[in-house]
Amino acid sequence: MINKEVQNIAAAVSYINDGAVILSSGFGDAGAPISLLEALAKTDVKNLTIVSNNAGEGNYGLAALIKSGKVAKIICSYPISAGSIIFQNLYNQKKIQLNVVPQGTLSERMRAAGAGIGAFFTPTSAGTKLGEGKETRIIEGIEHVLEYPLKGDIALILAKKADRLGNIIYDKSARNFSPVMAMAATTTIVQVEELVEVGEMDPELIITPGIFIDRIFVHNK
Amino acid sequence: MINKEVQNIAAAVSYINDGAVILSSGFGDAGAPISLLEALAKTDVKNLTIVSNNAGEGNYGLAALIKSGKVAKIICSYPISAGSIIFQNLYNQKKIQLNVVPQGTLSERMRAAGAGIGAFFTPTSAGTKLGEGKETRIIEGIEHVLEYPLKGDIALILAKKADRLGNIIYDKSARNFSPVMAMAATTTIVQVEELVEVGEMDPELIITPGIFIDRIFVHNK
Amino acid sequence: MATIAKTVGLNRKQVAWRIAQEIPEGSYVNLGIGSPEMVANYIPDGREIFFHSENGILGMGPAPKPGQEDGNLINAGKKPVTLLPGGSYFNHTDSFAMIRGGHIDICVLGAYQVAENGDLANWATLDTTKPPGVGGAMDLAVGAKKIYIMMDHLTKDGQPKLMTSCTYPHTGYGVVRTIFTDLAVIDVIDKGFVVRELAKDMSLEDLRSKTDASLTLAKNWSVLNPPEMN
Amino acid sequence: MATIAKTVGLNRKQVAWRIAQEIPEGSYVNLGIGSPEMVANYIPDGREIFFHSENGILGMGPAPKPGQEDGNLINAGKKPVTLLPGGSYFNHTDSFAMIRGGHIDICVLGAYQVAENGDLANWATLDTTKPPGVGGAMDLAVGAKKIYIMMDHLTKDGQPKLMTSCTYPHTGYGVVRTIFTDLAVIDVIDKGFVVRELAKDMSLEDLRSKTDASLTLAKNWSVLNPPEMN
């Protein structure tokens with residue numbers, strides 16, 4: 001019988017390699033896998049690349065991981081939230097690399113990775129500083145830039161409920177990047193509030209089917 | 001107060017121009033907007049291009065529209081179902097054009113149209129007869145073809161329930177192409193079984209939000 | 001009763017009110033972070049408008065009552081909001097498909113600078129000591145059917161923000177439709193600024209002195225005269 | 001008791017059975033239209049396998065009981081199916097994202113021809129009097145992690161289907177992993193056919209005479225000997 005649940009949080013974040021590209025869900029705190037990120041901070045992995053919309057706030061979750069010194073590079077759309085002090089300090093000290101990607105392009109590049117699209121042309125960022133150095137093409141009279149897939153080795157995501165097969169539902173706007181990150185990573189690890197029986201979730205409502213999920217950590221609040 | 005419901009089926013398919021590109025949902029009969037297609041067959045529109053997975057079966061729905069002589073061209077993945085007699089006869093008489101597109105590329109091209117992607121590289125069909133004449137590129141060692149968006153003037157889709165704002169849910173595998181076609185057309189017309197009150201649908205379960213829907217025809221079985 | 005010193009121009013609420021009047025019923029609208037969020041407060045009663053938030057919400061409602069906040073229901077500025085009946089949730093990719101795909105009728109954004117050809121600069125200044133951050137600004141700029149700008153006519157230092165061309169890094173090119181400032185409503189038409197409304201007691205000459213580009217007065221221009229708001 | 005004439009090789013059910021044994025627990029599997037659908041009937045008891053259907057189903061179950069058919073719950077061959085507990089529905093774009101994105105572990109397809117370098121021809125013949133139709137074959141060919149082929153070793157006319165190179169139009173290049181025929185199980189390794197299993201009473205020489213390409217016998221080859229099935 002398939003059971004993707006792991007028995008503790010250390011097992012959830014085990015076997016992550018040095019230099020891994022980690023997709024980390026959430027828009028601000030909503031949908032961020034705080035506990036998984038903090039557990040990862042306690043491992044001895046190093047030289048990580050983090051892909052996330054933001055760069056962490058306060059000193060918890062992603063900020064705690066960044067503070068641990070394990071993050072070499074961040075790929076995100078908006079690292080300048082008022083609370084992103086830890087990141088901004090390291091950035092100013094040139095101790096962390098930053099790659100800013102427009103939010104929709106960030107999401108679409110991960111979708112391309114998950115959907116087997118080799119590259120795509122998007123009008124977003126064409127002609128701007130963020131489009132510099134990219135291949136461009138005029139399509140239907142509009143300048144586009146060519147963007148490539150952004151694939152993760154690991155995705156750390158948050159959800160509301162899972163079953164042992166990895167079927168998942170989310171809560172409100174905390175859904176945000178989790179579904180696309182689940183598709184785009186080789187191994188997807190989900191932190192959920194509740195594990196339910198197989199068949200309990202409405203099949204019309206399952207947002208991320210188990211095919212995209214590898215490990216489930218049930219976080220008892 | 002916004003109300004996207006039309007009062008009768010003639011109104012549902014009104015103002016469709018000659019030469020329109022019509023996206024028609026369904027995988028076989030599942031999810032096919034039979035009544036809308038038959039209503040369209042009764043109008044005096046002509047020279048339509050139909051985009052659909054199949055080419056109609058029997059003499060109802062899409063087959064009836066094709067039989068009416070209003071369809072100049074079909075873009076589809078699989079027009080060779082045993083029941084696609086009307087299409088196949090017209091094809092053999094060279095009275096209808098056919099453009100065969102791999103099923104995933106068909107869907108992805110409509111998604112590109114709906115999502116503002118200018119073009120995309122896909123490995124599907126590279127090096128095959130269906131990839132002939134297309135721009136190619138080796139990405140990560142794999143040959144890809146460049147595919148362009150497939151936009152509709154009109155989408156005719158089927159769903160289970162709608163509210164007056166055009167929020168929609170589907171039934172089982174009848175969902176298939178409807179969500180992507182709703183995104184990819186300038187005007188989307190949905191045939192539903194039931195109209196429900198606004199707020200009655202679970203906001204987590206709404207598959208196609210009203211932003212993609214223009215007209216609702218409630219088909220009383 | 002003391003006499004209150006009269007200042008020319010609209011306050012922030014009045015600009016939000018003015019923009020709200022411009023939004024037709026049934027529109028799908030994205031409001032940028034900050035001042036543009038205020039526009040939602042001034043939609044005329046009975047006019048049904050659907051607010052989109054880039055983080056995966058359509059049908060966003062006002063802020064919840066104190067104590068009713070839900071950290072999983074926030075807007076693009078990460079502030080608690082509510083969901084109206086008929087609202088829905090979706091993932092980020094679908095949300096930006098809506099944006100980039102041209103399904104958002106109107107997007108109201110703030111700006112550092114707008115050029116007379118509709119170019120927009122609203123994501124970065126020339127200060128390179130801070131890390132850059134763009135969020136969804138570039139996607140919204142290229143994707144929304146109409147971009148409305150809500151901004152002060154001048155910077156805090158008194159510098160013009162309506163320019164012949166942007167000196168700050170571009171967000172998008174030729175994308176701005178209309179600019180709503182504390183002093184005027186200005187359309188971008190044929191690569192030029194056309195003043196459609198002027199604040200009460202504001203002259204075109206005054207406005208020109210505060211603008212680093214040519215201004216044309218629309219034939220049917222009118223006085224921008226919102227209700228009192230404090 | 002009459003003596004039953006012995007024919008060499010497996011019947012269709014036995015080939016389906018053999019493929020079913022090859023699928024590990026937890027696999028996400030797409031079964032092509034026609035004979036490959038039979039594979040689902042022979043998964044060993046207690047082995048949990050998830051069947052994907054290109055029209056937006058994961059966790060597809062067997063055919064419903066007569067009278068229980070639902071026209072909205074069909075497989076890729078448009079035949080009625082059921083949904084197992086833990087199954088889900090999704091749209092076509094997401095379904096092909098699963099396929100093209102490499103999330104399907106195994107896809108079992110029929111074939112007209114397979115070449116020794118793994119090339120696959122299964123969507124069109126050389127007959128141009130009929131309209132072409134491809135369905136999801138090309139997406140599956142490039143997307144699934146492993147492509148298994150289920151087919152007769154020879155055509156009905158006795159022509160080889162395992163070839164040096166395909167003469168029919170290609171579906172995909174270098175994509176086939178293993179071919180399960182009525183006579184053998186053959187892996188494609190380093191651009192060559194390697195016989196892993198041979199049907200009972202079948203010699204390698206016999207098989208070579210029915211194959212239009214070189215065959216190597218695997219060191220640890222075995223006899224393909226499924227249970228009786230009628």
Side-chain angles (χ1 to χ4, degrees), chain B residues 25-31 53-55 57 74 76-81 83-84 87-88 91-92 96 98 100-108 110-111 114-115 122-131 142-144 158 160 170-183 207-208, chain D residues 33 53-58 60 70-83 87-102 119-121 123-126 128-143 166 168-175:
Chain B
S25 66
F27 185 82
D29 286 350
N53 191 60
N54 305 103
E57 293 188 43
I74 291 195
C76 72
S77 91
Y78 201 76
I80 51 176
S81 301
S84 294
F87 164 77
Q88 290 176 30
Y91 176 84
N92 288 336
I96 194 163
L98 172 66
V100 169
V101 177
Q103 198 172 149
T105 299
L106 186 69
S107 180
E108 190 69 14
M110 287 189 279
R111 192 216 171 243
T122 174
T124 303
S125 92
T128 74
K129 268 175 71 174
L130 297 186
I142 296 166
E143 189 175 8
H144 289 68
L158 184 83
K160 186 180 182 186
Y170 303 94
D171 185 48
K172 307 186 191 76
S173 70
R175 188 186 300 187
N176 59 66
F177 284 93
S178 290
V180 73
M181 288 179 168
M183 286 174 68
I207 302 300
T208 297
Chain D
I33 298 174
S53 189
E54 65 192 22
N55 53 320
I57 309 175
L58 196 65
M60 191 167 53
D70 181 338
N72 286 346
L73 181 43
I74 58 173
N75 67 11
K78 305 190 177 84
K79 290 195 273 292
V81 291
T82 50
L83 189 77
S88 55
Y89 303 110
F90 33 84
N91 68 49
H92 237 86
T93 310
D94 288 347
S95 184
F96 278 84
M98 284 180 197
I99 292 170
R100 203 192 308 98
D119 288 359
L120 170 64
W123 76 282
T125 64
L126 300 176
T128 55
T129 63
K130 284 168 59 183
V134 69
M138 287 188 181
D139 305 281
L140 286 161
V142 300
C166 296
Y168 281 15
H170 280 80
T171 309
Y173 292 84
V175 297

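Excluded from the calculations below are hydrogen atoms, water molecules and symmetry mates; all remaining heavy atoms, backbone and side chain alike, are included. Chain identifiers are assigned alphabetically (A, B, ...) following the order of the sequence lines, protein sequences preceding nucleic acid strands; residue numbering begins at 1 within each chain. All of these numbers come straight from a predicted model, not from anything done at the bench.
Here the CD-OG distance, from Q103(B) to S95(D), works out to 8.0 Å after rounding to the nearest 0.5 Å. To the nearest 0.5 Å, the span separating OG on S107(B) from CD on E54(D) amounts to 11.0 Å. Distance check, rounded to the nearest 0.5 Å: CG of D139(D) to CG of L106(B) gives 9.5 Å. A distance of 9.0 Å separates CG in D94(D) from CZ in R111(B), rounded to the nearest 0.5 Å.
Looking at F96(D) and E108(B), their side chains never come closer than 4.5 Å, going by heavy atoms from C-beta outward. T128(B) places a side-chain heavy atom less than 4.5 Å from the side chain of Y173(D). Counting heavy atoms from C-beta on, the side chains of L83(D) and K172(B) never come closer than 4.5 Å. Two residues are said to be in side-chain contact when any heavy atoms from C-beta on lie closer than 4.5 Å; N72(D) and K160(B) fail this criterion.
Proximity to chain B (any heavy atom under 4.5 Å) is shown, for I99(D), by neither the backbone nor the side chain. Interface remark: A55(B) contributes no atoms to any contact with chain D (heavy atom separation under 4.5 Å). Heavy atoms of V142(D) lying under 4.5 Å from chain B belong exclusively to its side chain. Residue S88(D) does not touch chain B at all, counting heavy-atom pairs closer than 4.5 Å. Heavy atoms of S81(B) lying under 4.5 Å from chain D belong exclusively to its side chain. The parts of P102(B) that come within reach of chain D are both its backbone and its side chain, each placing non-hydrogen atoms under 4.5 angstrom from that chain. Proximity to chain B (any heavy atom under 4.5 Å) is restricted, for T129(D), to the backbone atoms N, CA, C and O. For Y170(B), no part sits under 4.5 Å from any heavy atom of chain D, backbone or side chain. At a 4.5 Å heavy-atom cutoff, the contact between N92(B) and chain D is made by side-chain atoms alone. Proximity to chain D (any heavy atom under 4.5 Å) is restricted, for Y91(B), to the side chain, taken from C-beta onward.
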Verify side-chain contact (heavy atoms from CB on, under 4.5 Å) between T93(D) and M183(B), making sure each step is shown before the conclusion. CA-CA 12 Å; T93(D) 310; M183(B) 286 174 68; over 6 Å; no
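One N or O on the side chain of R100(D) and one on the backbone of G104(B) form a donor-acceptor pair closer than 3.5 Å. Checked by atom type and distance alone, the side chain of N91(D) never pairs as donor or acceptor with a backbone atom of P179(B) at under 3.5 Å.
The residue among L98(B), L130(B), V100(B), V180(B) with the most heavy atom pairs within less than 4.5 Å of chain D is L130(B). Note: D70(D) leads D70(D), N75(D), I57(D), L140(D) in heavy-atom pairs under 4.5 Å with chain B.
The neighbour count for K79(D) NZ, taken as heavy atoms of other residues, nucleotides or ligands under 6.0 Å away, is above 12.
W123(D) and K129(B) make their closest contact through CZ2-CB, 4.0 Å (heavy atoms, listed as atom of the first residue, atom of the second, distance). Residues P79(B) and G133(D) come closest through the heavy atom pair CD-CA, 3.7 Å.
Aromatic ring pairs are classed by plane angle as parallel below 30°, tilted from 30° to 60° and perpendicular above 60°; the pair H92(D) and F177(B) is parallel.
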